[in-house]
Amino acid sequence: MTTVRIYVTYKQSVFDPQGEAITNSIHSLGHSEVKGVKVGKFFDVTIEEGTKPVEETVKEISEELLVNFNMETYSYKVLEEK
Amino acid sequence: MTTVRIYVTYKQSVFDPQGEAITNSIHSLGHSEVKGVKVGKFFDVTIEEGTKPVEETVKEISEELLVNFNMETYSYKVLEEK
Amino acid sequence: MKFAVIQFPGSNCDIDLYEALHTVCGADVAYVPSKESSLDGFDAVMLPGGFSYGDYLRAGAIARFTNIMPAIVDMANAGKPVFGTCNGFQILTEAGLLPGALKRNDSLKFVCKTVELEVENNNTIFTSEYQKGEKINLPIAHADGSFYADPETLKQIEDNGQVVFRYSKENPNGSLNNIAGITNERGNVLGMMPHPERAVEALLGNTDGLRLFKSILDHAEVKA
Amino acid sequence: MMQEMTPEEIKEKKPYLDWSLSEEEYNYISEKLLHRLPNYTETGLFSAMWSEHCSYKKSKPVLRLFPTKGPRILQGPGEGAGVVDIGDGQAVVFKAESHNHPTAVEPYQGAATGVGGILRDVFSMGARPVATLDSLHFGELDDAHTRWLLNETVAGIGGYGNCMGIPTVGGELTFDDIYKGNPVMNAMSVGLLDVKDMQKGLAQGEGNAVMYVGAKTGRDGIHGATFASHSFDSEHESQRSAVQVGDPFMEKLLLEACLELTQKHADWLVGIQDMGAAGIVSSSSEMASEGKSGMELNLDLVPQREPGMSAYEIMLSESQERMLLCVKAGHEEDVKKIFDFYDLDAVVIGHITAGHNYVLRHHGEVVCDIPVSSLTEDVLEEPSEEKQPQHMLDDAAKPAWEPEIKDLADTYKKMLAQPTVASKEMFTQTYDSMVRTSTVVGPGEDSGVLRIRGTHKGIAMTTDGNGRFIYLDPEIGGKRAVVEAADNIIASGAEPLAITDCLNYGNPNEPEVFWELHHSVMGIAKACEVLETPVVSGNVSLYNETDDKSIYPTPMIGMVGLVKNLDHLVRDSFQEADDDLYLVGQTGADYAGSELQKMLVGEITGSLNDLDLDHIHDYQMRLLAEMEAGHVASAHDLSEGGLAVSLAESSFGHEIGADIKSDLTSAEFFSETPGRFLVSVPSEFSAEFAEKLGQDAIKLGQTGGDSLKVALKDQAVDLPVAELKQIWEEALPCLMKSKD
Ligand SMILES: Nc1ncnc2c1ncn2[C@@H]1O[C@H](COP(=O)(O)OP(=O)(O)O)[C@@H](O)[C@H]1O
Ligand SMILES: [Mg+2]
């Protein structure tokens with residue numbers, strides 16, 4: 001079993017209203033040292049090796065389902081193998 | 001400037017309906033090698049050093065705002081410093 | 001008895017609460033923007049539904065830092081009636097005035113419909129006009145209404161009789177123990193996902209929520 | 001940063017062709033309007049403002065056919081939204097908008113920003129939006145991508161409207177493979193206004209300020225207007241950066257701030273307009289044009305979300321949740337204070353100047369200096385070729401299709417499970433339809449109805465359009481669309497007031513498509529005249545095609561009506577047993593384009609029968625008078641699936657059945673002749689009702705029991721209401737779950 005963490009975020013130029021609202025809230029709490037917040041989501045996907053390389057599965061499910069390339073991009077990292 | 005990625009997830013014992021739904025969709029796409037998905041969110045927070053240690057800021061904003069300890073937990077990682 | 005209806009940025013059921021109290025019940029009520037910091041002169045405080053701060057972090061999470069919150073906490077501590085519906089309930093849990101938390105609905109979808117509830121506890125200042133065990137119908141309209149508390153907290157809430165309303169036919173969101181509304185330990189803070197203020201006029205097809213407001217008003221009269 | 005091309009390089013390399021400005025237009029602008037070569041920024045402004053989306057250069061000659069005036073009409077097309085007087089110093093304000101292309105690309109945000117945009121149109125008039133409706137046409141649900149598109153689109157509409165706290169109270173949702181690559185997503189917003197607070201998009205008075213309020217400007221949606229004026233082909237991937245993200249929370253603040261300004265301090269304000277397609281340039285130049293003024297803006301003052309934006313990017317950005325105000329000199333700080341309270345930016349970015357020029361400064365340089373009218377009024381109208389579609393000629397030569405119903409019970413059940421007919425509740429219940437506690441009738445009936453607080457009146461609203469009919473015969477189909485909308489309004493006991501429209505068509509450069517546009521507008525216009533429902537606003541969406549295949553011509557009609565006394569509001573569902581049942585309107589052999597044809601044949605063919613609009617209007621009004629007299633218990637118009645479907649739907653609400661006997665054949669039971677109603681009348685009013693409706697109503701039988709007992713000329717059935725209801729309710733949830 002391998003667990004891969006897939007990170008999905010808005011593309012650079014896409015407006016992130018959540019990040020904006022959270023930044024404002026952090027400032028109103030007095031944390032002026034915080035310069036900005038961007039929000040993303042991640043998926044910890046547990047994959048059974050064997051049939052095909054883990055990378056391939058990750059690529060396929062990201063492109064078919066988890067990511068909308070019109071506005072999002074993704075990256076991933078293998079968390080653990082056991 | 002330091003960017004810290006703060007990860008927030010439901011506590012282990014809390015049902016994650018989104019992970020469940022995504023697992024089902026992945027299966028219906030034919031990826032039987034995927035055994036499970038857990039969903040979380042992350043916040044990339046850009047912090048200016050100086051006034052106080054970055055860790056302290058992260059801890060404060062997480063506990064005050066970003067995490068609801070009734071149902072969530074968090075972890076973080078320093079992404080880059082420049 | 002004077003009611004305050006709090007307007008957080010993004011509240012949108014403020015008019016519903018206001019009109020239910022003012023036009024339908026003839027009560028004395030005023031809007032109070034959450035930028036204000038005082039509730040002097042008010043006897044009860046009502047937190048409306050809506051999407052405070054867009055619900056952008058978690059529903060109700062950002063609203064609890066508004067100026068008015070300390071005054072609401074003071075009202076709660078003073079034993080005055082504090083009521084939150086929908087987003088108001090979410091804010092009350094985020095602020096720690098009520099136990100537990102409200103998660104995303106199990107369906108992952110916003111749901112707006114009328115559901116059946118059982119009045120579990122009519123021995124509160126909010127529900128004295130109802131019968132214990134009575135079934136009533138109230139509208140819900142939320143995406144984050146699945147009540148969650150850890151097992152220990154849940155047991156406490158149940159043992160103390162803090163559960164006031166339970167979904168009785170179907171559970172529309174995945175709430176633990178079918179919980180639709182709870183009070184604090186003292187019983188003067190009520191949070192509920194359903195919208196009694198949407199059910200106070202026959203013209204709109206439902207008056208089952210009216211007695212909740214009448215109960216609060218009765219209680220004030222008895223006290224006075 | 002990329003170096004901008006010089007005017008000479010532009011002339012030579014013709015980048016404007018990619019921005020959908022033609023060489024002829026470019027030359028006309030250089031030679032006749034400016035008498036010089038436009039620079040890079042100016043060329044960008046022209047290409048956006050001269051796009052079909054902003055200028056209506058192709059559709060304008062056709063749009064002139066619409067009747068737009070009437071005794072109640074306070075504002076027709078041309079402003080943010082139409083305004084119709086409803087008495088007591090109040091008006092209803094409404095408009096519809098299409099967001100088909102953005103929705104096809106990013107359905108959640110495309111639909112959400114479509115709703116956000118139409119709301120701004122309504123509150124820019126000084127009105128509070130009180131209801132939203134949608135009109136959705138999607139591909140068949142056997143396709144996983146379509147199911148995803150639909151789910152996300154509905155979530156986007158709900159996500160925006162629910163957060164704003166504006167109830168979604170009605171709409172339509174139909175399915176046909178023709179919409180597979182190019183779904184139709186139209187949204188309509190209805191607002192209420194005290195007539196004295198009405199605003200216009202106007203800028204004038206030398207020295208008055210131009211103020212920018214709301215969200216910051218980013219690079220999103222640059223060239224959205226030209227994007228909307230383009231066909232899709234699978235290759236234009238790069239256009240996809242036009243995706244905009246909606247921020248309903250910001251818009252809620254903007255709404256409240258703008259209403260505070262227009263309702264309490266209108267005297268500070270000259271005009272207000274939302275920033276929609278082509279962002280700052282279209283709003284500011286249109287306001288200056290309306291006021292016959294000059295305007296000078298300093299782009300360095302525009303609140304910006306991203307560093308290093310060029311003048312071109314700032315002007316063309318379609319960032320959401322922004323408005324432009326013209327404020328009387330001296331009141332800038334007052335206005336700012338209002339917006340400050342809502343934590344919104346409000347910044348003076350320029351002034352009204354003497355003369356008629358539109359001047360932009362950026363980083364201390366003049367980057368644009370052109371006559372205002374060259375952007376707004378001098379646009380070359382584009383003559384279009386048109387030709388009657390070949391399929392119409394072919395169809396006319398063929399004998400009409402005659403359905404054969406072998407097993408009435410089986411056909412009836414299958415009909416109720418057609419996705420276009422089946423219950424849409426699984427979608428509509430994700431919309432908050434009750435917020436602000438004025439919804440008397442929410443989604444699921446003929447019209448949505450809202451009470452007007454402080455009065456005993458209501459407003460009824462509906463969206464209707466059936467592309468299949470328009471495709472078969474644009475002119476007759478156009479008439480039918482308006483009649484269907486009026487039927488829905490009248491079925492609620494409301495008097496039709498006026499319409500808005502969204503004209504969704506394919507590529508207008510195709511002569512057959514332009515013919516469809518022209519002739520359907522002729523039909524709509526004719527029906528609006530006869531039914532006395534002028535067109536007060538609308539929207540045109542062209543180039544709805546994927547890989548050269550156009551959608552059906554799909555005009556959406558959004559109609560609003562007035563319920564004079566809510567005591568006489570009429571619902572769809574049978575209210576009591578033993579009421580008399582009437583069918584109002586004649587039934588003919590109208591099978592071309594029907595749901596029955598689609599279900600049995602799998603395709604749409606044939607010619608439509610024309611309608612007698614005067615006659616329909618006449619009995620519609622007599623029916624309405626009976627409703628307003630309180631003689632009608634329930635009324636439901638007949639549309640997809642004809643009498644069969646309306647009968648079933650009317651029985652579902654309170655699970656009250658009916659017992660009817662009729663000379664109609666089982667085919668006619670499903671016929672879709674327009675202008676018909678199923679009406680239940682308490683027996684004490686039955687005689688009078690029958691007399692008033694005369695030849696135009698046929699008594700069918702009675703309500704009652706828990707089944708539908710239907711005896712037709714050739715077949716009879718007796719089906720339990722509960723069984724039919726279950727079929728109708730479960731059809732869509734089941735289709736949406738299917739795996740393939
Ligand atoms: N997408 C939608 N959004 C909101 N309401 C909808 C939608 N689709 C259908 N409805 C509601 O469902 C009911 C039935 O729709 P439809 O079959 O189009 O009605 P009709 O044929 O009477 O125009 C209508 O009340 C309509 O308001
Ligand atoms: Mg109808």
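- Close approach to chain A, defined as a heavy atom under 4.5 Å from one of its heavy atoms, is seen in B:T9, B:I22 of residues 9-23 of chain B, taken by number.
- Within a 6.0 Å radius of NZ in A:K52, other residues, nucleotides and ligands contribute more than 12 heavy atoms.
- Contact of A:V54 with chain B is not made at all, since no heavy-atom distance falls under 4.5 Å.
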Test log, rule side-chain contact (heavy atoms from CB on, under 4.5 Å), inputs A:T57 and B:V34: CA-CA 8 Å; A:T57 297; B:V34 172; 3.8 Å; yes

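- Contacts between B:L65 and chain A at a heavy-atom distance below 4.5 Å involve the side chain alone, from C-beta outward.
- A distance of 4.5 Å separates NE2 of B:H31 from CD of A:E60, quoted to the nearest 0.5 Å.
- For A:L66, the part lying under 4.5 angstrom from a heavy atom of chain B is the side chain only.
- At a threshold of 4.5 Å between non-hydrogen side-chain atoms, the residues B:E64 and A:L29 count as touching.
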Residue pair A:F42, B:K38: steps toward the side-chain contact (heavy atoms from CB on, under 4.5 Å) verdict: CA-CA 8 Å; A:F42 66 87; B:K38 283 257 166 198; over 6 Å; no

Could you check A:E33 against B:E56 for side-chain contact (heavy atoms from CB on, under 4.5 Å), going step by step and ending with a plain yes or no? CA-CA 11 Å; A:E33 74 276 17; B:E56 203 168 302; over 6 Å; no

